[in-house]
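Input: a single structure, listed below in structure tokens.
Quick caveat, the model's predicted, so the values are computed rather than measured.
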Number of protein chains: 2
Amino acid sequence: MVNVLCYPFCERFQRTFAENHFFPWLTLFMKHSTIGNGSNKVTIVDVAREAGVSYATVSRVLNDEPYVKPETRKRVMTALHEMGYVANRQARSLRTGRSEMIGLLVRDLGTGYIGQIISGIDAEIAETDFEMLLFTTHHQALEPEYVATFVGGMADGLLLVLPHNIENYSGLLNQRRYPHVIVDYKGSDKGPAIGADNIGGAITAVTYLASLGHRRIGFITGTLSLTSGVDRLDGYRQAVQSLGLIDDPALIVEGDYHQPSGYSGAQTLLSLPERPTAIFAANDAMAFGAMEAIRDAGLRIPGDVSVIGFDDTPQATAVSPSLTTIRQPLEEMGRQALQLLLTYIEDPERPFEYHELPTELIVRNSCASARNTV
Amino acid sequence: MVNVLCYPFCERFQRTFAENHFFPWLTLFMKHSTIGNGSNKVTIVDVAREAGVSYATVSRVLNDEPYVKPETRKRVMTALHEMGYVANRQARSLRTGRSEMIGLLVRDLGTGYIGQIISGIDAEIAETDFEMLLFTTHHQALEPEYVATFVGGMADGLLLVLPHNIENYSGLLNQRRYPHVIVDYKGSDKGPAIGADNIGGAITAVTYLASLGHRRIGFITGTLSLTSGVDRLDGYRQAVQSLGLIDDPALIVEGDYHQPSGYSGAQTLLSLPERPTAIFAANDAMAFGAMEAIRDAGLRIPGDVSVIGFDDTPQATAVSPSLTTIRQPLEEMGRQALQLLLTYIEDPERPFEYHELPTELIVRNSCASARNTV
DNA sequence: CTGTTAGCGCCTTCAC
DNA sequence: GTGAAGGCGCTAACAG
């Protein structure tokens, strides 16, 4: 009688049923397990009946509660297993107020950049009982407040990956002490956050170029409404000044972290009366665009112009020449963000924390010594 | 009295509350809206009280049911809005048996490839009332049956993006008539699916190379446990034979869709006694690897060896020379997969459908005429 | 140790 | 038109 209740045996169940209409409770069961449409739900009630206990006891076993006679527990466990019971999380969540889900708010999925962060989050989530609920804010321009409230109801915590306008979310979330962590954001003024050492990374990049003899270094900024964009620019400026490099506003052009802006930014830089001997793009995508522009201008990399990026995306090794860049530990950021979030889920009252991960220079082949320094 | 219940005004609420303890029901409300810990739930009961109706009426308004007096409806609507009511989907789902969520089962998120498919799905989801529940099978090697059952309980439909071993899922899902669509899979034998014309694309690629005068074309296969891998190989073979090109088994090396296998595959091909004048990699990632290997061998692209890929990932334009490739409409596949899934959610009994999207040759700069045909 | 019971928030008959 | 009441599947007291 056991196997027929196990979902892989539905067909067999139907046959068996035809032969067993003298089992009155089976008819009852039929109502619950609508074969056709799906669902085929096995609830704790079914399991309880099968194991000959009350469903409260099944619940106890499910939740590893202490006071269950070992023998009973065993009987319930086998019933559970054989019937292919899977808990209904909605019901559990409704009851407990916890959903065992963490929400992920991202702006866009197309980029490998976010993919890497998510990979890290995912890897860490796999170690827990949580599942991942993904929301993109990219297409629909919903009110952040609505999104936050909505997601808040479905998830026990929220990971905001590089949200467009943090302040819109953070007000509500902080005020409610709703567990959340902002990923790739600097500072804990808006809430708990995980970031990378963007200033330090930019300084490292410029210092490296300077060590190769470059004195006129062009910089293509990232999106300046993001802290990473601002910080990388800051780092560039600090390094240029402290190293005594040529400090010309014309050497800074604004980009938006996307490849086309790298292309046009590089074009602008290359058309300067005195063109830079090296270009530092605030991320890899723009560096690729810059490389394209440099080649289209009939110049060679790194012979005529050196290029350095930021992020160390997988494609950095794929381009030719391979891209020297500043590595940002994206996956690790995802992992730590999740870990931090878990601590807030456990104790929402914890004070805000900001963790900054180090960046690292990855030397490849897109930078060379400056041949003719100005 | 209204504003104080609206979530953006919690602080104000606290203050107001201090002044208004003579409103007895407010105290009651406090219990529901625990300010500190979060939740701050506004339920239909709260709204009903505010609007002076029963909560059944609120529910009716929520579900656009006909028999509600316009005036009452209006009153409820304003209460709803001003209190910032957001439905509890778990409760609704528990009651209705529908979750308004669609599950997404992917193996990995790190690649831009899957990112693009998800973008398409996401774009289409944004037009519906559904949300997206993301599961990765990559890390945890859970039993597919368990995953399917589990996800099945939380979502109204399932999108399987390139699952490792479809048969493990498909049996259970089909038998239950659980709405699902397999993305990037060929044929509807295992269930409804969306795929791309991989055979045709591969034929196009080879035909194009042949038109440039190449007769000895190396092929680096994709993962052969995936239908796309098999089909692209098939297409290559068909084209080689029908066009009368050199048909040497040594010209086919096995890859796995990852860049390193493209590198090593190309090395193998280049070290053949008679090396091919063109290399067709079964996807772009391997093509990038192949390009690296070709350059490392001191050869030029496309001067000495032409390279063609498959997929048209964003990076295809970023490499140098830019990669000629076969475009696969990944985003569109995602979109159509979701659309198809919706039809199955509406009618689970629909017969399986398989939609195949066309592929397209994108000519860039990595292929040139064969100089010295063998 | 185990069973009974009361809801979690919502939808949905069924009365009025 | 609207309210009252039952129950989705589950957990968490409270009794035994």
Whole angstrom is fine here: how far is it from [atom1] in [X] over to [atom2] in [N]?
| X | N | atom1 | atom2 | answer |
| --- | --- | --- | --- | --- |
| A:Gln90 | D:dG9 | CD | P | 11 Å |
| B:Glu100 | D:dC8 | CD | P | 21 Å |
| B:Met154 | D:dC8 | CE | C1' | 16 Å |
| A:Arg75 | C:dT2 | CZ | C1' | 11 Å |
| B:Arg73 | D:dG1 | CZ | P | 11 Å |
| A:Tyr67 | D:dA15 | OH | P | 18 Å |

Touch class at under 4.0 angstrom, heavy-atom based, for A:Thr72 against every strand present: sugar-phosphate
Main-chain N/O of [Y] paired to [X] side chain as donor or acceptor, under 3.5 Å:
| X | Y | result |
| --- | --- | --- |
| A:Asp46 | A:Thr43 | yes |
| B:Asp129 | B:Glu100 | no |
| A:His81 | A:Ala79 | no |

Sole candidate of A:Val61, A:Thr72, A:Val68, A:Ile44 that passes side-chain contact (heavy atoms from CB on, under 4.5 Å) when paired with A:Val53: A:Thr72
For A:Asn88, side chain to side chain donor-acceptor pair (under 3.5 Å) partners two or more places apart: none
All N/O pairs under 3.5 Å across the protein-nucleotides 10-12 of chain D interface:
| from | atom 1 | to | atom 2 | distance (Å) |
| --- | --- | --- | --- | --- |
| D:dC10 | OP1 | A:Tyr85 | OH | 2.3 |
| D:dC10 | OP1 | A:Asn88 | N | 3.3 |
| D:dC10 | OP2 | A:Ile44 | N | 2.7 |
| D:dT11 | OP1 | A:Asn63 | OD1 | 3.4 |
| D:dT11 | OP1 | A:Arg92 | NE | 2.6 |
| D:dT11 | OP1 | A:Arg92 | NH2 | 3.2 |
| D:dT11 | OP2 | A:Ser59 | OG | 3.1 |
| D:dT11 | O2 | A:Arg95 | NH1 | 2.0 |

Gap separating the CG atom of B:Leu338 from the CD1 atom of B:Ile118, nearest 0.5 angstrom: 12.5 Å
